[in-house]
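Here the structure is laid out as structure tokens; the discussion comes afterwards.
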Amino acid sequence: MIPLSKPEFGDAEARAVADVLKSGWVVQGPKVEEFESLVAARVGAAHGVATTSCTTALHLALVASGIRPGDEVICPSYSFIATANSVMYTGATPVFAEIEADTWNIDPADVARRVTSKTRAILAVHQVGLAADLDRLKDAAPKGVPVIEDAACAIGSLYKGRPVGSSGNVSCLSFHPRKTISLGEGGMVLTDDAGLADHVRRLRSHGASVSDLDRHGAQGLVYEEYRELGYNYRMTDIQAAIGIEQLTRLDDLLARRRAVAGRYNTAFCKVEQIQTPAEPAYATHSYQSYAIRLRPDRRDIRARRDDLMRELVGAGIACRRGIPPIHLEPLYRDRGLVSLPVTEAVAADSIFLPMYASLPEPDQALVVETVIRLVTR
Ligand SMILES: *Cc1c(COP(=O)(O)O)cnc(C)c1O
């Protein structure tokens, strides 16, 4: 079976973990600090604050941006459910906006239509590693309403030639095994705002005024104080040590993912029944995932999406349906019906294919050949 994705760990990661275990400091400490600086420098943000996941990073980014119960946050429904859940944790309401039919990213024109007097943030998602159009989103946001970036899939992806994470917006990364680099679980808040970074640092560790590392390094006795409700969202030094090694591989992993996508695109763009991933001039895709869409206007497609998926699995090729829209999940549907025709149509006809850096060339060829045969035969 060709898997859908695969984390890329080697001996260096195993040695780094062993070194941390031997050092005796395993919780959030010097390795986390080092990893934060390296990631922030790599993506061009002034500060990085590591957390347990992108979900918890998003939660803290929203809290530190002042999002409270009763507020509205505009976000896409065509995303992993964590995007909207992070808004719900704050007590605010996610307001779902449409996506563009070509990029599958949040549509700035539709965002503008959904702004109300309660809108306090726009939560943009860089869909599977393709940057959303941040400048147009900024124009769509009312004055003083920030754009926050769910960059879970977008480490190494570019917007107008600059890395995602360097926009000056607060943005959040994921290090889950489905993403380009992984530490098992992990996330990070990126920001240029030193005050916001400090606030996120306190919030991730129960709201304590002094971190364990600072207390450990201080001369004499230092006591922490708790002034607001915080959380335990701390990354461990074990994870950060893996992350430091993973970062050294990032450029190579990105190049190999783009090579796989290039082969897929070249083959599939010749097939009229298939829509390949868009890559507008303002973006360089990091291909955290690779999805195609069966063109709904073509009658001559032999297999519809679900048949195609069954047949691919039968041929030993793992695949997944396109992202299930959040507004159709019972948790959100029961809070009020919304109609998002573009989102629903893209979700109904799209399919994720195997994508990871070390996907062998014969497997890539088998995916291409099998998909084309099943769609066009
Ligand atoms: C994976 C993902 C998340 C959640 O990341 P975790 O680190 O698993 O919490 C959030 N948003 C998007 C768009 C994702 O793809």
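Note: hydrogens, waters and symmetry copies are ignored here, and every other heavy atom, side chains too, is used. Note that ligands are numbered from 1 as they come in the structure, with each ligand's atoms numbered from 1 the same way.
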Counterpart residues, ring-ring contact (aromatic ring centres under 6.0 Å, His included), relative to Y356 (two or more places apart): none
Kindly write out the residues that satisfy ring-ring contact (aromatic ring centres under 6.0 Å, His included) with H126, not counting sequence neighbours, or none if the list is empty. none
Below 6.0 angstrom between ring centroids: does that apply to Y78 and F96? no
To the nearest 0.5 angstrom, please state how far the CZ atom of R204 sits from the CE atom of M235. 9.0 Å
By chain and number, the residues contacting ligand 1 below 4.0 angstrom (heavy atoms only) are S53, C54, T55, S79, F80, A82, T83, V125, D150, A152, C153, S174, H176, K179, G186
Sequence neighbours excluded, which residues qualify as ring-ring contact (aromatic ring centres under 6.0 Å, His included) partners of Y226? none
Aromatic ring centroids of Y282 and Y159 under 6.0 Å? yes
